[in-house]
Amino acid sequence: MKLKKLLIASLSILFIFIVAACSSDNSSDDSDEASGDGEKITLDFWLFGATGYEELVKEYEKQNENIKIKIKTSETADHHNNLFTALSAGSGAPDIAALELDQLDRFRDAQDRFVNLYDMGADDVKGEYLDWKWEIAENDDGKFLMGLPTDIGPKGLYYRLDVFEEAGLPTTPEEVSALIATPEDFKEAAIQIKEKTGKPMVASMEMMYRAQLDALEESYFDKEGNLLIEESGNGVKEAYDLAIEMNELGLVGNYAMWSAEWASGVDNGDFAVELGAAWFKGWMESNAPEATGEFNIATLPTEYSGNWGGSYISIPKETKHAEEAYEFVKWLVSPENQLESFKSNGLFPSAPAVYDMAEFKEASDDYFGGQSTQTVFAESAQKIGKVYKGKDYTSVHDEILAALVNSQDGADAEKEWTEAIKRIKTKLDR
């Protein structure tokens, strides 16, 4: 009997040791775990698009051994929808999340679900970024900051050298910038190209429409959420009418943006120019490799020198590690690392100090015949003003684009405009 009791006691002690050992082993799977140097912290980072941040994350983890950063990358729409759903539910949001410029205002009503980065000390780095880029992420009274700035999308004139030459137009970036200095200059050059080569100036109605739209400080909404597009003096109808007029003159192609046909058109020189943002270079290099050496980039008229795209990095309030998340975000978007993101993935810096860095200024683009295209975009970036989009920007924008496409296909442009307004109002009243 004594032997039996002793055996039971021994087995009990052994069981306790096994459970303790298993518990110790499993602790390494938790998001916050003990390490030899203290608490081990895992930060979930939600992204969209091709940022190249993976390499920078590896570098940060080397410098901060107590930090592990898990990246999840999704398509742009899925990313923002998933984030919105998580924030609305109050659970499931990451520690860090990117916000695309056109989507930013959609999240303003959920401001209380984000950390105010001014509370984290963001005012200390405010002077490192372009004023207009920084101010877009503030709330109306300037006391709340939704995110720190990443890349921007200053626009330039991507022009086809052989088409300009065939039309009898100059071909150096300096000459083209001087030639096309106003919207009227743009139209005159387009007419000459059409007459001499038979080719349209731009690829699509959307590209022509965005020429003026992206430069508007207010487009579809004011800061109170009022729909502006029927108001006197609003620039949206003017941008719409410009696209219609240019199309009627035969100066606009019919290549759906991001389509295979559009890429082939770039490859083949089927149209003269693109009014693209700095990031558009990457799309051309990947999708139109046959056009290597066929394009240069010049500045656009001030009236067309808007911003198209760019992002911010935010910190959802759900995080348990706001300080650690902020320190990483501040490091990630520092001028030095914006230079790295530009070199690796072409993300155009929002920190103007980068524009004076030798590695930035001396870089050249083989695709563009060795031109230092970044200096053109740096000049444009410093001419851009603050713009306001509104939380329903994307849905309204899509309706106007549909009207433009229908008009190009033969529908009455004014009727299409009126019908688009009706659809927009119906959407907004839901």
Side-chain angles (χ1 to χ4, degrees), residues 154-217 219 229 233-255 257 262 265-266 269-277 280 294-308 376 379-380 383-385 400-401 403-414 416-417:
K155 293 173 68 175
L157 182 71
Y158 292 70
Y159 64 95
R160 183 90 184 193
L161 294 162
D162 54 354
V163 175
F164 268 57
E165 185 175 7
E166 185 181 350
L169 297 174
T171 58
T172 69
E174 295 76 17
E175 290 173 325
V176 173
S177 293
L179 174 74
I180 303 177
T182 68
E184 188 59 35
D185 292 340
F186 184 90
K187 180 179 176 181
E188 290 177 3
I191 291 172
Q192 184 169 333
I193 286 169
K194 181 68 175 180
E195 290 176 347
K196 298 290 187 180
T197 72
K199 296 179 179 180
M201 185 69 158
V202 298
S204 67
M205 294 293 274
E206 180 174 358
M207 190 69 76
M208 194 64 243
Y209 172 59
R210 296 198 74 128
Q212 284 192 191
L213 180 78
D214 291 332
L216 298 176
E217 291 189 16
S219 53
I229 53 182
N234 178 254
V236 172
K237 184 58 162 59
E238 184 179 338
Y240 180 91
D241 289 342
L242 173 65
I244 296 296
E245 177 193 2
M246 295 289 278
N247 181 62
E248 289 174 347
L249 292 171
L251 308 178
V252 180
N254 193 1
Y255 298 84
M257 290 184 67
W262 185 30
V266 175
D270 293 340
F271 37 84
V273 306
E274 299 280 15
L275 286 72
F280 186 64
E294 301 290 352
F295 281 85
N296 270 180
I297 301 176
T299 56
L300 281 164
T302 301
E303 294 86 348
Y304 295 169
S305 294
N307 180 74
W308 182 0
V376 177
E379 181 180 343
S380 297
K383 296 178 180 178
I384 296 170
I400 301 297
L401 292 184
L404 286 168
V405 170
N406 291 341
S407 298
Q408 189 175 41
D409 289 342
D412 180 82
E414 284 304 312
E416 285 297 319
W417 172 262

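Here, residue 1 is the first one in the sequence, and each next residue gets the next number. Side chains included, hydrogens not; waters and symmetry mates left out as well; all remaining heavy atoms used. Please read all numbers here as calculations on a predicted model, not as lab measurements.
- Annotation: Glu238, atom CD; neighbour count of heavy atoms from other residues, nucleotides and ligands within 6.0 Å does not exceed 12.
- Side-chain atoms of Glu303 never come within 3.5 Å of backbone atoms of Ala215 as a donor-acceptor pair (strictly under, hydrogens ignored).
- A distance-only check finds a donor-acceptor pair linking the side chain of Ser305 to the backbone of Leu300 [under 3.5 Å].
- Between Phe164 and Gln192, every side-chain heavy-atom pair lies at or beyond the 4.5 Å cut-off.
- Within the model, atoms NZ of Lys237 and CD1 of Ile400 stand 9.5 Å from one another, a figure rounded to the nearest 0.5 Å.
- Of the candidates Glu248, Glu414, Glu416, Glu416 is the only one forming a side chain to side chain contact (heavy atoms under 4.5 Å, CB included) with Ser407.
- Annotation: side-chain contact (heavy atoms from CB on, under 4.5 Å) contacts of Pro173 (sequence neighbours excluded): Tyr159, Asn296, Gln371.
- Closest non-hydrogen pair, Ala190 versus Leu251, comes out as O-CD2, 3.5 Å.
- The heavy-atom pair separating Leu213 from Ser219 by the smallest distance is CD1-CB, 3.9 Å.
- Side-chain contact of Thr299 with Ser380: a donor-acceptor pair under 3.5 Å is absent, judged by distance alone.
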Side chain to side chain contact (heavy atoms under 4.5 Å, CB included) evaluation trace for Val273 with Phe186: CA-CA 11 Å; Val273 306; Phe186 184 90; 4.2 Å; yes

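- With contacts defined as side-chain heavy-atom distances shorter than 4.5 Å, the pair Asp409/Asn254 qualifies.
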Residues Leu404, Ile244; criterion side chain to side chain contact (heavy atoms under 4.5 Å, CB included); working and verdict: CA-CA 7 Å; Leu404 286 168; Ile244 296 296; 3.9 Å; yes

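- Between the Asp185 side chain and the Ala181 main chain, a donor and an acceptor come within less than 3.5 Å of each other.
- Between the side chain of Gln408 and the backbone N or O of Gly253, at least one donor-acceptor pair lies under 3.5 Å.
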Step-by-step side chain to side chain contact (heavy atoms under 4.5 Å, CB included) determination, Tyr255 to Asp270: CA-CA 10 Å; Tyr255 298 84; Asp270 293 340; 3.3 Å; yes

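- Closest of all the heavy-atom pairs between Thr171 and Glu175 is N-OE1, 3.6 Å.
- The line from CD1 of Ile229 to CG of Asn234 is 7.5 Å long, rounded to the nearest 0.5 Å.
- Listed here is the closest heavy atom pair of Leu216 and Gly235: CD1-C, 3.7 Å.
- Going from atom CZ of Phe295 over to atom CG of Leu161 covers 8.5 Å, rounded to the nearest 0.5 Å.
- A donor-acceptor distance shorter than 3.5 angstrom exists from the side chain of Tyr158 to the backbone of Ala277, with no hydrogens or angles considered.
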Derivation of the side chain to side chain contact (heavy atoms under 4.5 Å, CB included) call for Glu274 and Val266: CA-CA 9 Å; Glu274 299 280 15; Val266 175; 3.6 Å; yes

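- The structure places CD1 of Ile180 at 7.0 Å from CG of Leu169, a figure rounded to the nearest 0.5 Å.
- The aromatic ring centroids of Tyr209 and Trp417 lie 6.0 Å or more from each other.
- The list of salt bridge (charged side-chain N to carboxylate O under 4.0 Å, His left out) pairs with a residue in residues 155-166, not counting sequence neighbours, reads Lys155-Asp214, Arg160-Asp162, Arg160-Glu294.
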Pairs under 3.5 angstrom only: tabulate donor-acceptor contacts from the side chains of residues 196-208 to other protein residues two or more places apart or in another chain.
{"residue": "Thr197", "atom": "OG1", "partner": "Ile193", "partner atom": "O", "Å": "2.6"}
{"residue": "Thr197", "atom": "OG1", "partner": "Lys199", "partner atom": "N", "Å": "3.1"}
{"residue": "Lys199", "atom": "NZ", "partner": "Gly269", "partner atom": "O", "Å": "2.8"}
{"residue": "Ser204", "atom": "OG", "partner": "Met207", "partner atom": "N", "Å": "3.2"}

